[in-house]
Amino acid sequence: MPSALPSNSITFCERGRSPPRHRVHGTRQSRPDVPGWSFDSARVVVARVNGELVGLARIIGDGATICYLQDVLVSPSAQRTGLGRALVREAFAPYSSVRQHVLITDEEAGQKSFYESVGFAQLGESVPGRAFVRFAN
């Protein structure tokens, strides 16, 4: 795994658009490179190295007032190479004028420092505000 992500290994697709080898049905995207996944997302960024899927970031939201970072998935072999940072940066690229960039995550070790390193702050620490969540049973 390279120490830096080769620029030609990131591809992305946005709602209603489809890069090669991706079929779009309405706003649902079926991705053969992520078996069994079907998503309705504002933006999906996929990273491949030598054709192998090694990372994915997914944004949901309206793209005007709020964007949620729903998923950041990086293969264990590609972690700590800058790939996660590159995926987050590329996923949010079209949404720089959107006021709220939001994510909710569990307390897995390392996540807090990773998300802080890409510009997120935890509510109640350095950012005033409240966050509420309700999980389905």
Requested in this report: Show your working on side-chain hydrogen bond (donor to acceptor under 3.5 Å, both in side chains) between S117 and R85 and close with a plain yes or no.
Outcome: CA-CA 8 Å; S117 79; R85 179 181 310 280; 3.2 Å; yes
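- Taken from CZ in R48 to OG in S75, the straight-line distance is 14.0 Å, to the nearest 0.5 Å.
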Query raised in the report: Under the side chain to side chain contact (heavy atoms under 4.5 Å, CB included) criterion, do D106 and Q111 qualify, and how do the steps go?
Result: CA-CA 8 Å; D106 57 25; Q111 286 188 355; 3.0 Å; yes
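- Classified by interplanar angle (parallel below 30°, tilted 30° to 60°, perpendicular above 60°), the ring pair H101/F92 is parallel.
- In terms of heavy-atom proximity, L83 sits nearest to A78 at CD2-CB, 3.6 Å.
- Counting heavy atoms from C-beta on, the side chains of I66 and V102 come closer than 4.5 Å.
- Checked for salt-bridge contact, E107 and K112 miss the test: no charged N lies under 4.0 Å from a carboxylate O.
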**Report entry** Audit row: R58, L56, side chain to side chain contact (heavy atoms under 4.5 Å, CB included) steps and yes/no
**Finding:** CA-CA 7 Å; R58 180 167 67 114; L56 175 144; 4.3 Å; yes
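- When side chains are defined from C-beta on, Y95 counts as touching R43, because their heavy atoms get closer than 4.5 Å.
- Within 6.0 Å of the OH atom in Y68, the count of heavy atoms belonging to other residues, nucleotides or ligands does not exceed 12.
- Within the 4.5 Å cutoff, the side chain of C67 has no heavy atoms near those of the Q100 side chain.
- The CD1 atom of I60 sits 8.5 Å away from atom CG of D71, with the distance rounded to the nearest 0.5 Å.
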